[in-house]
Undergrad: 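Have a look at this one before I ask anything.
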Amino acid sequence: MAGLSFIWTLRYRGWAVCTISDDHGQAEAIASDVTGGPEYLLRAVKSVTQGAATAHAEFEAEPTAFRWFFQRCDSDVKIRLAKAPDRNSPDSEDTVIWSGCYTIDALARAVLNGFDNAVSELGEENYRSQWGRAFPREDVEALRTAWRQITS
(Lines give C-alpha, C1' and ligand atoms only; values in the text may rest on other atoms or scores of the structure.)
Protein backbone atom coordinates (compact mmCIF):
# COMPACT_ATOMS: atom_id res chain seq x y z
CA MET A 1 0.00 0.00 0.00
CA ALA A 2 1.18 3.49 -0.79
CA GLY A 3 1.83 6.04 1.96
CA LEU A 4 -1.07 8.20 3.05
CA SER A 5 -0.69 11.92 3.72
CA PHE A 6 -3.19 14.36 5.24
CA ILE A 7 -2.52 18.10 5.47
CA TRP A 8 -4.81 20.62 7.20
CA THR A 9 -3.93 24.19 6.16
CA LEU A 10 -5.64 27.38 7.23
CA ARG A 11 -5.60 29.66 4.19
CA TYR A 12 -7.80 32.65 4.98
CA ARG A 13 -9.84 33.69 7.99
CA GLY A 14 -12.46 30.98 8.36
CA TRP A 15 -11.24 28.87 5.42
CA ALA A 16 -9.10 25.74 5.35
CA VAL A 17 -7.79 23.46 2.66
CA CYS A 18 -7.42 19.80 3.43
CA THR A 19 -5.13 17.81 1.15
CA ILE A 20 -5.22 14.04 1.12
CA SER A 21 -2.73 12.19 -1.01
CA ASP A 22 -0.93 8.96 -1.68
CA ASP A 23 1.30 7.58 -4.43
CA HIS A 24 -1.74 7.31 -6.71
CA GLY A 25 -3.03 10.89 -6.51
CA GLN A 26 -4.25 13.71 -4.36
CA ALA A 27 -7.32 15.83 -3.79
CA GLU A 28 -8.14 19.01 -1.95
CA ALA A 29 -11.25 19.61 0.10
CA ILE A 30 -12.17 23.12 1.16
CA ALA A 31 -13.75 23.75 4.54
CA SER A 32 -15.49 26.82 5.90
CA ASP A 33 -15.81 27.54 9.59
CA VAL A 34 -19.63 27.77 9.32
CA THR A 35 -19.80 24.14 10.43
CA GLY A 36 -17.58 21.93 12.57
CA GLY A 37 -15.83 20.28 9.62
CA PRO A 38 -12.59 19.36 11.37
CA GLU A 39 -14.43 18.05 14.41
CA TYR A 40 -16.76 15.99 12.18
CA LEU A 41 -13.78 14.45 10.38
CA LEU A 42 -11.88 13.68 13.58
CA ARG A 43 -14.99 12.06 15.10
CA ALA A 44 -15.60 9.95 11.97
CA VAL A 45 -12.02 8.68 11.95
CA LYS A 46 -12.24 7.98 15.69
CA SER A 47 -15.45 6.06 15.10
CA VAL A 48 -13.92 3.67 12.55
CA THR A 49 -10.79 3.40 14.69
CA GLN A 50 -13.00 2.20 17.54
CA GLY A 51 -14.69 -0.41 15.33
CA ALA A 52 -17.62 1.26 13.56
CA ALA A 53 -18.37 -0.35 10.20
CA THR A 54 -18.98 3.00 8.52
CA ALA A 55 -18.64 6.70 9.25
CA HIS A 56 -18.89 9.94 7.33
CA ALA A 57 -18.07 13.61 7.70
CA GLU A 58 -18.77 16.71 5.67
CA PHE A 59 -17.01 20.02 5.02
CA GLU A 60 -19.11 23.01 4.02
CA ALA A 61 -17.45 25.05 1.29
CA GLU A 62 -20.32 27.46 0.59
CA PRO A 63 -22.03 26.28 -1.57
CA THR A 64 -19.99 23.18 -2.43
CA ALA A 65 -19.77 20.36 0.08
CA PHE A 66 -16.98 17.83 0.48
CA ARG A 67 -18.04 14.48 1.88
CA TRP A 68 -15.81 11.90 3.50
CA PHE A 69 -16.98 8.28 3.55
CA PHE A 70 -15.23 5.58 5.57
CA GLN A 71 -16.01 1.86 5.34
CA ARG A 72 -14.14 -0.51 7.59
CA CYS A 73 -12.99 -3.90 6.31
CA ASP A 74 -11.31 -5.76 9.19
CA SER A 75 -8.15 -3.74 9.96
CA ASP A 76 -8.44 -1.66 6.77
CA VAL A 77 -10.69 1.22 5.87
CA LYS A 78 -11.90 2.27 2.43
CA ILE A 79 -11.87 6.05 2.14
CA ARG A 80 -13.80 8.11 -0.41
CA LEU A 81 -13.70 11.87 -0.69
CA ALA A 82 -16.52 13.26 -2.81
CA LYS A 83 -17.50 16.73 -3.97
CA ALA A 84 -21.19 17.67 -3.97
CA PRO A 85 -22.81 20.71 -5.61
CA ASP A 86 -24.10 21.80 -2.19
CA ARG A 87 -24.80 20.38 1.25
CA ASN A 88 -28.40 19.54 0.35
CA SER A 89 -27.46 17.50 -2.74
CA PRO A 90 -28.14 13.77 -2.55
CA ASP A 91 -25.13 11.46 -2.53
CA SER A 92 -26.06 10.40 -6.08
CA GLU A 93 -24.90 13.84 -7.30
CA ASP A 94 -21.45 13.47 -5.68
CA THR A 95 -18.29 13.20 -7.74
CA VAL A 96 -15.58 11.08 -6.12
CA ILE A 97 -12.35 13.10 -6.23
CA TRP A 98 -10.11 10.71 -4.28
CA SER A 99 -10.29 7.20 -2.87
CA GLY A 100 -7.99 4.71 -1.24
CA CYS A 101 -7.79 1.76 1.11
CA TYR A 102 -5.49 1.90 4.11
CA THR A 103 -5.00 0.34 7.47
CA ILE A 104 -6.95 2.05 10.22
CA ASP A 105 -3.60 2.74 11.86
CA ALA A 106 -2.35 4.60 8.73
CA LEU A 107 -5.54 6.67 8.48
CA ALA A 108 -5.54 7.67 12.15
CA ARG A 109 -1.80 8.49 12.07
CA ALA A 110 -2.15 10.62 8.92
CA VAL A 111 -5.07 12.64 10.30
CA LEU A 112 -3.37 13.12 13.66
CA ASN A 113 -0.16 14.23 11.94
CA GLY A 114 -2.10 16.72 9.82
CA PHE A 115 -3.75 18.40 12.78
CA ASP A 116 -0.63 18.17 14.96
CA ASN A 117 1.40 19.89 12.24
CA ALA A 118 -1.22 22.61 11.75
CA VAL A 119 -1.28 23.58 15.44
CA SER A 120 2.49 23.20 15.75
CA GLU A 121 3.04 25.71 12.94
CA LEU A 122 0.45 28.22 14.15
CA GLY A 123 0.02 27.73 17.88
CA GLU A 124 -3.46 27.45 19.37
CA GLU A 125 -4.07 31.21 19.64
CA ASN A 126 -3.15 31.89 16.01
CA TYR A 127 -5.16 28.85 14.95
CA ARG A 128 -8.24 30.30 16.68
CA SER A 129 -7.61 33.71 15.14
CA GLN A 130 -7.26 32.32 11.61
CA TRP A 131 -9.95 29.64 11.75
CA GLY A 132 -12.49 31.53 13.85
CA ARG A 133 -12.86 28.61 16.26
CA ALA A 134 -10.62 26.93 18.79
CA PHE A 135 -8.28 24.15 17.72
CA PRO A 136 -10.26 20.89 18.11
CA ARG A 137 -7.95 19.66 20.88
CA GLU A 138 -10.56 17.46 22.55
CA ASP A 139 -11.37 15.63 19.30
CA VAL A 140 -7.68 15.28 18.37
CA GLU A 141 -6.92 13.76 21.76
CA ALA A 142 -9.96 11.46 21.58
CA LEU A 143 -8.72 10.15 18.22
CA ARG A 144 -5.18 9.82 19.61
CA THR A 145 -6.51 7.74 22.53
CA ALA A 146 -8.50 5.48 20.17
CA TRP A 147 -5.44 5.11 17.90
CA ARG A 148 -3.17 4.18 20.82
CA GLN A 149 -5.62 1.47 21.86
CA ILE A 150 -5.28 -0.27 18.47
CA THR A 151 -1.51 0.11 18.31
CA SER A 152 -0.62 -1.08 21.81
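Residue numbers run from 1 in the order of the sequence given.
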Undergrad: Taking atom types as modelled, find out whether Glu60 and Thr35 have a side-chain donor-acceptor pair closer than 3.5 angstrom.
TA: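 No, no side-chain donor-acceptor pair sits under 3.5 Å.
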
Undergrad: CG/Asp22 to SG/Cys101 distance, rounded to the nearest 0.5 angstrom?
TA: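 Asp22 CG to Cys101 SG: 11.0 Å, rounded to 0.5 Å.
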
Undergrad: About how many Å separate NZ of Lys78 and OG1 of Thr54, when rounded to the nearest 0.5 Å?
TA: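 If we round to the nearest 0.5 Å, Thr54:OG1 and Lys78:NZ are 13.0 Å apart.
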
Undergrad: Grab the two heavy atoms, one from Thr151 and one from Asp105, that are nearest each other, plus how far apart they are.
TA: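 For Thr151 versus Asp105, the nearest heavy atoms are CG2-OD1, 3.2 Å.
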
Undergrad: Using the rule that two of Ile, Leu, Val, Met, Phe, Trp, Tyr join whenever any of their side-chain heavy atoms come within less than 4.5 Å, decide whether Leu42 and Phe70 are in one cluster.
TA: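 Cluster IDs for Leu42 and Phe70 match.
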
Undergrad: Please find the pair of heavy atoms, one from Val48 and one from Ala55, that lie closest to each other, and give the distance.
TA: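 Looks like CG1-CB, 3.8 Å.
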
Undergrad: How far apart are the closest heavy atoms of Glu58 and Arg67, and which atoms are they?
TA: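 Nearest pair, atom of Glu58 first, then Arg67: OE1-NE, 2.8 Å.
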
Undergrad: Mind listing the side-chain donor-acceptor pairs of residues 126-136 below 3.5 Å, one per line with the distance, residues two or more places apart or on another chain?
TA:
{"unit_1": "Asn126", "atom_1": "ND2", "unit_2": "Leu122", "atom_2": "O", "d": "3.1"}
{"unit_1": "Tyr127", "atom_1": "OH", "unit_2": "Trp8", "atom_2": "NE1", "d": "3.1"}
{"unit_1": "Arg133", "atom_1": "NE", "unit_2": "Asp33", "atom_2": "O", "d": "2.9"}
{"unit_1": "Arg133", "atom_1": "NH2", "unit_2": "Asp33", "atom_2": "O", "d": "2.9"}

Undergrad: Kindly work out whether a path of hydrophobic side-chain contacts (I/L/V/M/F/W/Y, heavy atoms less than 4.5 Å apart) joins Leu81 to Val77.
TA: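 Linked, Leu81 and Val77 end up in one cluster.
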
Undergrad: Is the shortest side-chain heavy-atom distance between Thr49 and Gln149 below 4.5 Å?
TA: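 Side-chain contact under 4.5 Å: no.
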
Undergrad: Is Arg144 reaching over with its side chain to a backbone N or O of Ala108, donor-acceptor style, under 3.5 angstrom?
TA: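 Not a single qualifying donor-acceptor pair exists.
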
Undergrad: If you round to the nearest 0.5 Å, how far is CD1 of Ile104 from CZ of Arg109?
TA: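 Output value for this atom pair is 12.5 Å.
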
Undergrad: Report the C-alpha separation of Asp94 and Arg80 in whole Å, then their side-chain angles, then the decisive distance to 0.1 Å, and conclude whether the salt bridge (Lys or Arg N to Asp or Glu O under 4.0 Å) test is met.
TA: CA-CA 11 Å; Asp94 290 357; Arg80 281 187 306 124; 5.8 Å; no

Undergrad: In sequence, state the C-alpha distance, the side-chain angles, and the governing distance for Val119 and Arg137, and then conclude on side-chain contact (heavy atoms from CB on, under 4.5 Å).
TA: CA-CA 9 Å; Val119 76; Arg137 174 68 56 206; 3.9 Å; yes

Undergrad: Quick check: is Ile150 connected to Tyr102 through a chain of hydrophobic side chains (ILVMFWY, heavy atoms under 4.5 Å apart)?
TA: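 Looking at the clustering, Ile150 is in the same group as Tyr102.
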
Undergrad: Any chance CD of Glu93 has more than 12 other-residue heavy atoms, nucleotides or ligands included, within less than 6.0 Å?
TA: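 Counting other residues, nucleotides and ligands, CD of Glu93 exceeds 12 neighbours.
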
Undergrad: When the ring centroid of Phe115 is compared with that of Phe6, is the distance short of 6.0 Å?
TA: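 Centroid separation for Phe115 and Phe6: below 6.0 Å.
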
Undergrad: Quick check against the 3.5 Å criterion: does Thr145 have a side-chain atom that pairs as donor or acceptor with the backbone of Glu141?
TA: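 Between the backbone of Glu141 and the side chain of Thr145 there is a qualifying donor-acceptor contact (under 3.5 Å).
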
Undergrad: Going hydrophobic residue to hydrophobic residue with side-chain gaps under 4.5 angstrom, can you get from Ile30 over to Ile7?
TA: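 No, Ile30 does not connect to Ile7 through the hydrophobic network.
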
Undergrad: Set out, in order, the CA-CA distance, both residues' side-chain angles and the distance that settles side-chain contact (heavy atoms from CB on, under 4.5 Å) for Thr19 and Thr9, then state yes or no.
TA: CA-CA 8 Å; Thr19 305; Thr9 307; 5.7 Å; no

Undergrad: Mind checking whether Phe59 and Phe69 sit in one hydrophobic cluster, side chains of I, L, V, M, F, W, Y counted as touching below 4.5 Å?
TA: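 No, separate clusters.
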
Undergrad: Does atom CG (Asp74) have a neighbourhood of more than 12 heavy atoms from anything else shown, all under 6.0 Å?
TA: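 For Asp74, atom CG is not crowded (no more than 12 foreign heavy atoms under 6.0 Å).
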
Undergrad: State, to 0.1 Å, how close Trp98 and Ser21 come at their nearest heavy-atom pair, and which atoms those are.
TA: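 In this case the closest contact between Trp98 and Ser21 is NE1-CA, 4.2 Å.
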
Undergrad: Quick check: do Lys83 and Thr64 have side-chain heavy atoms less than 4.5 Å from each other?
TA: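 In contact.
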
Undergrad: Which heavy atom of Ala27 sits nearest to which heavy atom of Ile97, and what is that distance?
TA: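 Ala27 and Ile97 have their closest heavy atoms at CB-O, 3.6 Å.
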
